[in-house]
Number of protein chains: 2
Amino acid sequence: MTDDGEGLPLADRLARRIRTLLISGELSPGQRLSEAAFSDRFDVSRNSLREAFRLLTKDGLLRHEANRGVFVAVPSMASIIDIYRVRRMLECGSLRQAWQQHPAIRAMRAAVEMARERRAEGDWIGVGSANMMFHTAVIDLSDSARLNEFYERISAELRLCFGLLNDPEHLHSPFVDMNDAITTLVETNRPQEAAAQMETYLNLAERTMLKALERASELA
Amino acid sequence: MTDDGEGLPLADRLARRIRTLLISGELSPGQRLSEAAFSDRFDVSRNSLREAFRLLTKDGLLRHEANRGVFVAVPSMASIIDIYRVRRMLECGSLRQAWQQHPAIRAMRAAVEMARERRAEGDWIGVGSANMMFHTAVIDLSDSARLNEFYERISAELRLCFGLLNDPEHLHSPFVDMNDAITTLVETNRPQEAAAQMETYLNLAERTMLKALERASELA
DNA sequence: ATAGAAATATTGTTGAACAATATTGACATT
DNA sequence: AATGTCAATATTGTTCAACAATATTTCTAT
């Protein structure tokens, strides 16, 4: 299952490895990523590593300061607001024009089921990734390769923000039922209502994130 | 005016220069970009050039084939359909939630005026760039840095498609009046109608592009 | 304790090197 | 003439070592 990208250019494989470190929280926001240390750690040349850094910088996961190096991006209120603006645009837009028979709807339903099961088991990380799958499926409704790719980037950036949070239960758990409702609305061919529901979902999630960020920055 | 990106990393400046070549049509779709030739041409090392190539590949302007090199992306029907799907989502979405007093509306109006003037002078290239400015202003309505950046990427990809066309007058000129109408609708606080109008605009433009592509590929 | 200067480390960029892969061209076979 | 094979050549993939330019740290004098 762990596709390590056999055959892909080294820089891409590297970027992927570092990305997983970033979204799994093993690298903290603001932390500096020394070229020497990382090229050593991954056993690649500095040049290859720099290519990977550039890719990740373009994805918004790293920040580059001239002559000072690259740093893990630090989520701010502004970035969270922006990210949720994007999500409202893409996810609500996808839902609004969704076709009742689209295969992605089954993926949405499956994600809801999975979230339910995980929640029942108290597996909050599992609930989180099922939730993730749900929203990816929503974007799939748009049938656009470019939108999918863009959403993936936004999604990774958001996961970086999750790293700041310590309370995954409170963050994802309440949303499972809303996902269910949204799925049902699409299944019964009421895309407008589904989009409206998604909008309230996202506004709520946004406020939750902002609140959490506020709490986190008070501590620091 | 020509911001050559003083202080930015070399790879970024390079990418920008090559991007200009691409969207101005000086490099043709499908053409191979030899590392040796280009690092020589721009007087930079192969390593730096490769970083730039990676950036542009991520933007969808270049295509990378393992051990074979990078090529200018060749627009296909699929890519045009996808691009217009994205444009409908972003531009209609921006309009739908537009606030009557948003400063970007003045930019839209200004772009319409400029397009009018250029058209009167028969300056079709000028009409094209004014049209471009109009749509960028529409995205500005969303107040999202990430959406703006994404749209810029999509926009560059579309300009690559324009390169296939030989008839800028027929391509842009008929749309000036629609832009005017859309702007008026937003100015008079009728965002829903503006979005609907934009949707017909984009469907029309999409069909025009597809038709042109078809003609172009018949010749080849 | 602080300002400034010297010493050190890091990034930015280059050029050369070499292995791995792709393309070309010569040659033989049908 | 068309096709297949194999060596010769060119290109990409990646590394390494070097050095200039810029930051950071350490040291010193006040």
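Throughout, a chain's letter reflects where its sequence line sits, starting with A, and its residues are numbered from 1.
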Problem - Annotated protein contacts, base or backbone, on nucleotides 5-16 of chain C with a non-hydrogen cut-off under 4.0 Å, one of B, S, - each - result: -----SBBBBB-

Can you sort out the partners of [X] under side chain to side chain contact (heavy atoms under 4.5 Å, CB included), two or more places apart, ordered by chain and number?
X	value
B/Arg106	B/Pro103
A/Asp143	A/His102, B/Arg85
A/Asp40	none
A/Gln101	A/Trp99

Exercise for the section: Check side-chain hydrogen bond (donor to acceptor under 3.5 Å, both in side chains) between B/Arg109 and all other residues, then give those that pass, not counting sequence neighbours. Expected result: B/Asp180, B/Thr184, B/Glu187

